[in-house]
Engineer: 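First the structure, then my questions, so here it is.
We use all heavy atoms of the structure for the numbers below, so side chains are in, but hydrogens, waters and symmetry mates are not.
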Amino acid sequence: MREGEKVLLVDPRGKRYLVTVSNREFHTDLGILNLGELLEKDYGDTIESHRGERFRILKPDINDIVAKMRRGPQIIHPKDAGIIMAYAGISPGDTVIEAGAGSGALTIFLANIVGPSGRVISYEIREDHAEIARKNIELAGFSDRVTIKLKDIYEGIDEERADHIVLDLPQPENVLPHAVKVLRPGGYFVAYTPCANQVYRFFQAFQAYREHFMKPRVVEVLVREQEVKSDCMRPKTTMLAHTGYITFLRKL
Ligand code: SAM
């Protein structure tokens, strides 16, 4: 393992810690770890705390990064990010325009899927949010393919062409006039909005642009986790229910 590398440690209870390989001590309630020992280790090995508790060493994935990264505004949940990628068919090599960057969670999911040959250009109006997003994207190792622009996307899109536009901001209808100019035929306009009245307002504005798009699709994603025990399997009593509505428009 190399100095500065991000590593996931999993304790005997399954609790996860995202740490950096360095000559530092790391304190947990199961004892102190000497992170310098990671320099001699590999993924799958274990590292022991001074109390003799063993922590498994894993390579972090983007879900670990998103779970542990600094949060500014509310992030897109993985259940919603997943359906955005799948329904819009976002693929390696695509150029995606996003707004707002927020904490950078959706940006990280997008950057992961477009890969090193793709681009994510994310507009953000707040400097403090742009800074949080930039740091989180660097933590995920995607600074090479992501540009955060400090700009109001309602005022326009600088890029001449995009494969997809993905929005998580209050008034996605304000981006429709710009989207019809830059979105390639077959590309998707995706809008994530928490409230039903936002969807309604969006569709009122959409009427003026309907000739440019195929029939819209609006979904809400509900994931019901199951509790599996030796004598009983049943849905968990609590769930993350409503997060947002996702509107998909495909450009003609
Ligand atoms: N999807 C992000 C994530 O997963 O971390 C969270 C986005 S957050 C809910 C909404 C963001 O949109 C805020 O950071 C806000 O500053 C930004 N925003 C709002 N209006 C905007 C606009 N007109 N242009 C660019 N960014 C905007």
Engineer: Between Gln198 and Gln171 (side chain of the first, backbone of the second, donor and acceptor by atom type, cut-off under 3.5 Å), is there such a pair?
Structural biologist: no
Engineer: Please check if atom CD in Glu227 has more than 12 non-hydrogen atoms from other residues, nucleotides or ligands closer than 6.0 Å.
Structural biologist: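 Enclosed.
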Engineer: Would Tyr192 end up clustered with Ile75 when hydrophobic side chains under 4.5 Å apart are linked, directly or stepwise?
Structural biologist: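 The answer is yes; both residues are in one hydrophobic cluster.
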Engineer: Measure across Ser103 and Pro73 and return the closest heavy-atom pair with its distance rounded to 0.1 Å.
Structural biologist: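 That would be OG-O, 2.7 Å.
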Engineer: Throw together a table of side-chain donor-acceptor distances under 3.5 angstrom for residues 139-148, partners on residues two or more places apart or in other chains.
Structural biologist:
from, atom 1, to, atom 2, distance (Å)
Arg145, NH1, Ala111, O, 3.1
Thr147, OG1, Arg119, NH2, 2.5

Engineer: For Lys135, I'd like to know if atom NZ has over 12 heavy atoms of other residues, nucleotides or ligands within 6.0 Å.
Structural biologist: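 No, not enclosed.
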Engineer: With a 4.5 Å limit on heavy-atom distance, are the side chains of Leu183 and His212 in contact?
Structural biologist: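 In short, these two side chains do not touch, never coming nearer than 4.5 Å.
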Engineer: Identify the heavy atoms of Ala81 and Phe109 that sit nearest to each other, and give their distance.
Structural biologist: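 Heavy atoms only, the tightest pair is CB-CD1, 3.6 Å.
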Engineer: Using a 4.5 Å cut-off on heavy atoms from C-beta on, say whether the side chain of Val175 contacts that of Ile97.
Structural biologist: no
Engineer: State, yes or no, whether a side-chain contact exists between Phe55 and Val7 at a heavy-atom distance under 4.5 Å.
Structural biologist: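 A side-chain contact under 4.5 Å is absent here.
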Engineer: Indicate yes or no: at least one non-hydrogen side-chain atom of Glu159 is less than 4.5 angstrom from one of Thr95.
Structural biologist: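 Of all side-chain heavy-atom pairs linking Thr95 with Glu159, none is under 4.5 Å.
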Engineer: Leu249 versus Leu176: any side-chain heavy-atom pair under 4.5 Å?
Structural biologist: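 Of all side-chain heavy-atom pairs linking Leu176 with Leu249, at least one is under 4.5 Å.
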Engineer: Examine Tyr188 and Ile90 and state if one hydrophobic cluster contains both, with Ile, Leu, Val, Met, Phe, Trp and Tyr joined whenever side-chain heavy atoms are less than 4.5 Å apart.
Structural biologist: yes
Engineer: On a heavy-atom basis, which atom in Leu169 and which in Pro172 lie closest, and how many Å separate them?
Structural biologist: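 Nearest heavy atoms, Leu169 then Pro172: O-CD, 3.5 Å.
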Engineer: Can you confirm whether or not the ring centre of Phe206 sits under 6.0 Å from the ring centre of Phe203?
Structural biologist: yes
Engineer: In this structure, would Ile137 and Val114 fall into the same cluster of hydrophobic residues linked by side-chain contacts under 4.5 Å?
Structural biologist: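 In one cluster: yes.
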Engineer: Compute the ring centroids of Tyr209 and Phe189, then answer whether they are less than 6.0 Å apart.
Structural biologist: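 Distance test on ring centres: not under 6.0 Å, no.
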Engineer: Donor-acceptor pairs under 3.5 angstrom involving side-chain atoms of residues 28-46: please list them, not counting sequence neighbours.
Structural biologist:
from, atom 1, to, atom 2, distance (Å)
Thr28, OG1, Leu30, N, 3.0
Thr28, OG1, Gly31, N, 3.3
Thr28, OG1, Gly31, O, 2.8
Asp29, OD1, Arg13, NH2, 2.9
Asp29, OD2, Arg13, NH1, 3.0
Asn34, OD1, Gly36, N, 3.0
Lys41, NZ, Thr46, O, 2.9
Tyr43, OH, Glu5, OE2, 2.6
Asp45, OD2, Asp42, N, 2.7
Thr46, OG1, Arg54, NH1, 2.8

Engineer: Which pair of non-hydrogen atoms, one from Leu252 and one from Glu211, has the smallest distance, and what is that distance?
Structural biologist: CD1-O, 3.6 Å
Engineer: To the nearest 0.5 Å, tell me how far Lys251 NZ sits from Phe213 CZ.
Structural biologist: 6.5 Å
Engineer: Just how far is it from atom CG of Asp61 to atom CG of Leu8, taken to the nearest 0.5 Å?
Structural biologist: 8.0 Å
Engineer: Can you hop from Met214 to Ile165 via hydrophobic side chains spaced under 4.5 Å?
Structural biologist: no
Engineer: Hey, are the side chains of Asn136 and Lys68 touching, using non-hydrogen atoms and a 4.5 Å cut-off?
Structural biologist: no
Engineer: Apply side-chain contact (heavy atoms from CB on, under 4.5 Å) to Asp64 and Leu58, showing your working.
Structural biologist: CA-CA 10 Å; Asp64 300 316; Leu58 298 182; over 6 Å; no
Engineer: Above 12 or not: heavy atoms from other molecules or residues under 6.0 Å from CD of Gln74?
Structural biologist: no
Engineer: About how many Å separate CD of Glu25 and OG of Ser49, when rounded to the nearest 0.5 Å?
Structural biologist: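 Ser49 atom OG to Glu25 atom CD measures 11.5 Å (nearest 0.5 Å).
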Engineer: Using a cut-off of 6.0 Å, state whether more than 12 heavy atoms not belonging to Glu138 lie near its atom CD.
Structural biologist: no
Engineer: Hydrophobic clustering (ILVMFWY, side-chain heavy atoms < 4.5 Å, transitive) - are Met69 and Ile76 grouped together?
Structural biologist: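 Ile76 clusters together with Met69.
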Engineer: Taking atom CZ of Arg161 as the centre, does the number of heavy atoms from other residues, nucleotides or ligands within less than 6.0 Å exceed 12?
Structural biologist: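 It does: Arg161 CZ has more than 12 such atoms within range.
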Engineer: Look at the side chain of Glu124 and the backbone N and O of Ala130, then say whether any donor-acceptor pair between them is shorter than 3.5 Å.
Structural biologist: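 Looks like no, no N/O pair under 3.5 Å.
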Engineer: Look up atom NZ in Lys215 and atom CZ in Arg250, then write down how far apart they are to the nearest 0.5 Å.
Structural biologist: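 Answer for the NZ-CZ pair, Lys215 versus Arg250, is 15.0 Å.
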Engineer: Give a yes-or-no answer on whether the side chains of Lys6 and Thr20 include a donor-acceptor pair shorter than 3.5 Å.
Structural biologist: yes
Engineer: Among side-chain atoms of Arg201 and Gln204, is any donor-acceptor pair under 3.5 angstrom?
Structural biologist: no
Engineer: Is the CD atom of Glu225 crowded by more than 12 outside heavy atoms at less than 6.0 Å?
Structural biologist: no
Engineer: Taking the side chain as every heavy atom from C-beta outward, state whether Val190 and Tyr87 have any atom pair closer than 4.5 Å.
Structural biologist: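 Contact flag for Val190/Tyr87 side chains = no.
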Engineer: Where do Ser122 and Gly100 come nearest, in terms of heavy atoms and distance?
Structural biologist: OG-C, 4.3 Å
Engineer: Run Leu240 and Val223 through side-chain contact (heavy atoms from CB on, under 4.5 Å) and show every step you take.
Structural biologist: CA-CA 8 Å; Leu240 176 65; Val223 173; over 6 Å; no
Engineer: Go through it in stages, so that I can follow the logic: the residues are Val221 and Thr243, the test is side-chain contact (heavy atoms from CB on, under 4.5 Å), and I'd like the CA-CA distance, side-chain angles, deciding distance and then a yes or no.
Structural biologist: CA-CA 8 Å; Val221 183; Thr243 50; over 6 Å; no
Engineer: Around atom CD of Glu127, are there more than 12 heavy atoms from other residues, nucleotides or ligands closer than 6.0 Å?
Structural biologist: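 No - once you tally the heavy atoms of other residues, nucleotides and ligands closer than 6.0 Å, there are 12 at most.
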Engineer: Let's go through Leu9 and Ile57 carefully: what are the C-alpha distance in whole Å and the side-chain angles of both, what is the deciding distance for side-chain contact (heavy atoms from CB on, under 4.5 Å) to 0.1 Å, and is it a yes or a no?
Structural biologist: CA-CA 5 Å; Leu9 300 179; Ile57 306 163; 3.9 Å; yes
Engineer: Between Glu220 and His242, which heavy-atom pair has the shortest distance, and what is it?
Structural biologist: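 Scanning both residues, the minimum pair turns out to be OE2-ND1, 2.8 Å.
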Engineer: Indicate yes or no: at least one non-hydrogen side-chain atom of Thr107 is less than 4.5 angstrom from one of Leu110.
Structural biologist: no
Engineer: Between atom OH of Tyr200 and atom CD of Glu173, what is the distance when rounded to the nearest 0.5 Å?
Structural biologist: 12.5 Å
